[in-house]
Protein chains: 2
Amino acid sequence: MDKYDSLKLENQLCFPLYAVSKEIIRRYKPFLDELDLTYTQYITMMVIWEAKCINVRDLGHRLYLDSGTLTPVLKKLEKKGYIARCRSTEDERSLNIYITEEGEALRDQALIIPQKMGGCISISQADFEAMYRTLYQMLDNFSEENEAEA
Amino acid sequence: MDKYDSLKLENQLCFPLYAVSKEIIRRYKPFLDELDLTYTQYITMMVIWEAKCINVRDLGHRLYLDSGTLTPVLKKLEKKGYIARCRSTEDERSLNIYITEEGEALRDQALIIPQKMGGCISISQADFEAMYRTLYQMLDNFSEENEAEA
DNA sequence: CAAAATTAAATTGTACGCAAGTAAATTGCG
DNA sequence: CGCAATTTACTTGCGTACAATTTAATTTTG
């Protein structure tokens, strides 16, 4: 028992979270490279594939990213032809993101990504589910806090 | 059941890992700001506080960071006076990092960080322990893979 | 022993990630 | 209505992250 125990790397929860997150993303890279997508672009496309149309604010809430991060990502995805960006007619402040035909086509190609990544995470189904549940519980708490402070 | 289920954000484990990791780090920021440390500098100092002396390679292994990230971080910590950087006399390729007296003094000030962060992660002790165990299991697997490919 | 291979850290280039500030549109309040 | 407050996205600046390359030192090998 040491005065400084609370400052040991091994006693943090945040550090393994941070490290595992990065290591997984690093393992996505070779597969994503084949589609010329970054991880951030990939999860952004996931939301747009599902929604068909979504504005930047809602996209940011889903992804826990702000417009400072999303604006350049979305401009790149537009440049690649996967999405269209246009101002809402009802509210000119809001920017709507639409999926394009090329974006839809990419979705089929992207199906190989989860397939190839499958073997990468070697934990049991039970551990997976327990972790998933705890993580979303934490995210929900954070969302509430974020709402409260706003 | 949808052909594209595997591409839904909510079916990924990586996304909540990535989001929770960032949200926690964001909550560290106000506390770390008071010590003029970033999160990366903070976890780097954690390892150096424990080791007293460590080279960049070993530091990188502990933190899952490469010299491309660590070199600028370590130069900043040196500039702030918390560490000293000097080449090993046995092996001139290797750079040893030493804690300074100011660095040791910072350690006492940093004790408030884990204390203040305590309330930030609102999950049960059991969930904490289960997640901790699973995360380190994954990190160990990744380490093995990283060894193997090298 | 000398050339080749390996290792360690630094450098370069690209892409986030976020706080803070800006500009334009909209809402709300007196 | 008209102005202040709010909201939305964009921009700027700083600090990571990481792949790929470079440079120097060390080790391995023929």
Side-chain angles (χ1 to χ4, degrees), chain A residues 15 18-33 36-44 54-61 63-80 85-97 142 146-147 149-150, chain B residues 15 18-30 32-33 36-45 54-61 63-80 85-97 142 146-147 149-150:
Chain A
F15 172 70
Y18 155 89
V20 166
S21 165
K22 283 189 308 158
E23 285 295 308
I24 296 182
I25 290 172
R26 213 158 66 76
R27 278 159 175 76
Y28 268 105
K29 190 174 186 318
F31 306 136
L32 289 172
D33 277 351
D36 188 30
L37 286 179
T38 64
Y39 180 74
T40 311
Q41 290 167 14
Y42 176 58
I43 58 173
T44 301
I54 189 170
N55 66 37
V56 174
R57 176 176 51 81
D58 292 343
L59 192 56
H61 285 159
L63 295 171
Y64 293 83
L65 292 172
D66 69 3
S67 68
T69 302
L70 281 175
T71 295
V73 169
L74 292 170
K75 284 185 177 173
K76 273 169 212 158
L77 288 173
E78 181 186 40
K79 205 168 185 177
K80 294 182 191 184
R85 297 160 69 244
C86 35
R87 290 282 162 186
S88 163
T89 47
E90 303 154 29
D91 185 339
E92 287 282 335
R93 290 170 303 179
S94 186
L95 185 73
N96 287 329
I97 308 297
F142 290 149
N146 289 346
E147 301 298 304
E149 86 192 26
Chain B
F15 172 69
Y18 156 87
V20 167
S21 164
K22 283 189 308 158
E23 286 292 310
I24 296 182
I25 290 171
R26 215 159 63 76
R27 279 159 175 75
Y28 268 106
K29 190 173 184 324
L32 289 172
D33 277 351
D36 187 32
L37 286 179
T38 65
Y39 180 74
T40 312
Q41 290 167 12
Y42 176 59
I43 59 174
T44 302
M45 286 306 299
I54 189 171
N55 66 36
V56 174
R57 176 176 51 80
D58 292 342
L59 192 55
H61 284 159
L63 294 172
Y64 293 84
L65 292 173
D66 69 4
S67 68
T69 302
L70 281 176
T71 295
V73 168
L74 293 169
K75 284 184 178 174
K76 274 169 212 158
L77 288 173
E78 181 186 41
K79 208 168 184 178
K80 294 183 192 185
R85 297 162 68 247
C86 35
R87 291 281 162 188
S88 162
T89 47
E90 302 153 28
D91 186 339
E92 287 282 333
R93 291 171 303 179
S94 187
L95 184 72
N96 287 329
I97 308 297
F142 290 147
N146 290 347
E147 302 299 303
E149 87 193 24

For side-chain contact (heavy atoms from CB on, under 4.5 Å), just list the numbers for A:L70 and A:L63, CA-CA rounded to whole Å, side-chain angles, deciding distance to a tenth of an Å, and then say yes or no. CA-CA 10 Å; A:L70 281 175; A:L63 295 171; 4.2 Å; yes
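- Protein chain A touches strand DNA chain D; the 5'-most and 3'-most nucleotides with an atom under 4.0 angstrom of its non-hydrogen atoms are D:dT7 to D:dA19.
- Rounding to whole angstrom units, CD of residue A:E90 and C1' of C:dT26 are separated by 13 Å.
- OP1 or OP2 of C:dC16 lies within a sub-4.0 Å distance of a side-chain N or O belonging to A:K76.
- Scored by the side-chain contact (heavy atoms from CB on, under 4.5 Å) test, A:T69 finds A:L65, A:D66 as partners (sequence neighbours excluded).
- Every side-chain hydrogen bond (donor to acceptor under 3.5 Å, both in side chains) that B:D91 has, sequence neighbours left out, goes to B:R93.
- A:T40 has no side-chain polar atom (N or O) that falls below the 4.0 Å cut-off from OP1 or OP2 of C:dA15.
- Within the structure, a side-chain polar atom (N or O) of B:K75 is placed less than 4.0 Å from OP1 or OP2 of C:dT11.
- Across all non-hydrogen atoms, the minimal contact from A:A19 to B:Y64 is CB-CD1, 4.0 Å.
- One interatomic measurement links the two molecules: CG of A:L74 to C1' of C:dC16, which rounds to 13 Å at whole-angstrom precision.
- Summarising the geometry, the separation between CG on A:L32 and P on C:dC16 is reported as 11 Å, rounded to the nearest angstrom.
- Summarising the geometry, the separation between CG on A:L63 and P on C:dC16 is reported as 12 Å, rounded to the nearest angstrom.
- Two residues, A:Y39 and A:E92, neighbour DNA chain C, and the one matched to the more 5' nucleotide by heavy-atom proximity is A:Y39.
- Applying the ring-ring contact (aromatic ring centres under 6.0 Å, His included) criterion to B:F15, with sequence neighbours excluded, gives no partner residue.
- Taking the ring-ring contact (aromatic ring centres under 6.0 Å, His included) definition, one finds that A:Y42 meets it with A:Y28, sequence neighbours left out.
- Counting non-hydrogen atoms under 4.0 angstrom, A:E23 reaches nothing in the nucleic acid.
- Residues satisfying the side-chain hydrogen bond (donor to acceptor under 3.5 Å, both in side chains) criterion with B:K75, sequence neighbours excluded, are absent altogether.
- Under the rule for a side-chain hydrogen bond (donor to acceptor under 3.5 Å, both in side chains), the partners of A:E78 that lie at least two apart in sequence or sit in another chain are A:R85.
- Neither OP1 nor OP2 of C:dC18 sits under 4.0 Å from any side-chain N or O of A:Y64.
- The separation between A:Q41 atom CD and C:dG17 atom C1' is 14 Å, rounded to whole Å.
- Residue contacts for B:T69: at a heavy-atom cut-off of 4.0 Å it reaches a base atom on one of the strands shown.
- Stem analysis of DNA chain C (Watson-Crick or G-U pairs, both distances under 3.5 Å, runs of at least three) returns C:1-30 with D:1-30.
- Judged as a side-chain hydrogen bond (donor to acceptor under 3.5 Å, both in side chains), and not counting sequence neighbours, the contacts of A:D33 are A:K29.
- Nearest heavy-atom pair across A:P72 and A:S67 is CD-O, 4.1 Å.
- Rounded to a whole Å, the CG atom of A:L37 is 12 Å from the P atom of C:dA15.
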Verdict with supporting geometry, B:R26 and B:K22, side-chain contact (heavy atoms from CB on, under 4.5 Å): CA-CA 6 Å; B:R26 215 159 63 76; B:K22 283 189 308 158; over 6 Å; no
In B/S/- notation (B base, S sugar-phosphate only, - none; protein heavy atoms under 4.0 Å), nucleotides 2-9 of chain C written 5' to 3' is -----BSB
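- A donor-acceptor pair under 3.5 Å is formed between the side chain of A:K80 and the backbone N or O of A:D36.
- Nucleic acid contact for A:L70: none, since no nucleic acid atom lies under 4.0 Å from a heavy atom of the residue.
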